[in-house]
Engineer: 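Have a look at the structure that comes next, please.
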Amino acid sequence: TWFTAPIVAALCALVGEKNRATWTAPYFLLIQLLGGGLSPVVIGRIADASSVKVGLLASVPAAVGGGLLLLWGARQMRHEVERVAVDSAS
């Protein structure tokens, strides 16, 4: 998806060189488990209980929530990068 690269870049900027693999691996595991494993099952069960339209519309709140979290994270990014840079210099 389009947002994976910016999130991984931000993650790498925040955790530093020595911890990049340690933090990117769980990130990729989490998005694969949720996006590829859990989400289709949940949407399918909702669709089976009601209709395909309702099942697909059930994912909209998660997408909106994720977008809001990305916007909030983007606002916090500058402060965190500055903090990490100061911590790394000491």
Side-chain angles (χ1 to χ4, degrees):
T1 55
W2 65 269
F3 54 83
T4 302
I7 290 175
V8 172
L11 184 64
C12 289
L14 291 174
V15 299
E17 292 179 15
K18 294 182 180 179
N19 295 319
R20 286 181 183 164
T22 303
W23 286 97
T24 55
Y27 168 73
F28 281 117
L29 178 64
L30 183 66
I31 63 172
Q32 291 301 317
L33 288 175
L34 292 177
L38 185 61
S39 297
V41 173
V42 170
I43 291 171
R45 292 213 177 166
I46 293 170
D48 289 344
S50 54
S51 69
V52 174
K53 180 180 179 180
V54 172
L56 292 175
L57 287 175
S59 65
V60 172
V64 170
L68 292 174
L69 281 173
L70 285 173
L71 290 173
W72 177 79
R75 293 187 68 195
Q76 303 299 317
M77 183 70 185
R78 176 178 292 165
H79 303 294
E80 289 298 315
V81 169
E82 290 171 357
R83 183 187 60 81
V84 169
V86 169
D87 290 346
S88 296
S90 13

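Because only heavy atoms are used, hydrogens play no part in the values below, and waters and symmetry mates are left out as well, while side chains stay in.
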Engineer: Name the atoms and distances for all side-chain donor-acceptor pairs under 3.5 Å in residues 49-61, with sequence neighbours left out.
Structural biologist:
unit_1, atom_1, unit_2, atom_2, d
S50, OG, I46, O, 2.9
S51, OG, V54, N, 3.3
S59, OG, L56, O, 2.7

Engineer: If the condition is side chain to side chain contact (heavy atoms under 4.5 Å, CB included), which residues does R20 pass it with, not counting sequence neighbours?
Structural biologist: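 Expected list: C12, V15, E17.
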
Engineer: Please report the shortest heavy-atom distance between G36 and P40, naming the atom on each side.
Structural biologist: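 Closest heavy-atom pair between G36 and P40: O-CG, 3.8 Å.
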
Engineer: Other than W72, which residues form its hydrophobic cluster under the rule that side-chain heavy atoms must be closer than 4.5 Å?
Structural biologist: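 Its cluster partners, ordered by chain and number, are none at all.
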
Engineer: Identify which one of L11, V8, L14 satisfies the side chain to side chain contact (heavy atoms under 4.5 Å, CB included) criterion when paired with W23.
Structural biologist: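 Answer to the side chain to side chain contact (heavy atoms under 4.5 Å, CB included) test with W23 among L11, V8, L14: L11.
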
Engineer: By side-chain hydrogen bond (donor to acceptor under 3.5 Å, both in side chains), which residues pair with T4, not counting sequence neighbours?
Structural biologist: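 With sequence neighbours excluded, T4 shows a side-chain hydrogen bond (donor to acceptor under 3.5 Å, both in side chains) to T1, given in chain and number order.
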
Engineer: Which Ile, Leu, Val, Met, Phe, Trp or Tyr residues join L33 in one cluster when any pair of side-chain heavy atoms under 4.5 Å counts as a link?
Structural biologist: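 Besides L33, the hydrophobic cluster comprises L29, listed by chain and residue number.
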
Engineer: Tell me every residue that passes side chain to side chain contact (heavy atoms under 4.5 Å, CB included) with L38, counting only those two or more places apart in sequence or in another chain.
Structural biologist: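 Result, side chain to side chain contact (heavy atoms under 4.5 Å, CB included) vs L38: L34, V42.
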
Engineer: Mind listing the closest non-hydrogen atom pair of M77 and A13 along with its distance?
Structural biologist: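 It is CE-CB, 4.0 Å.
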
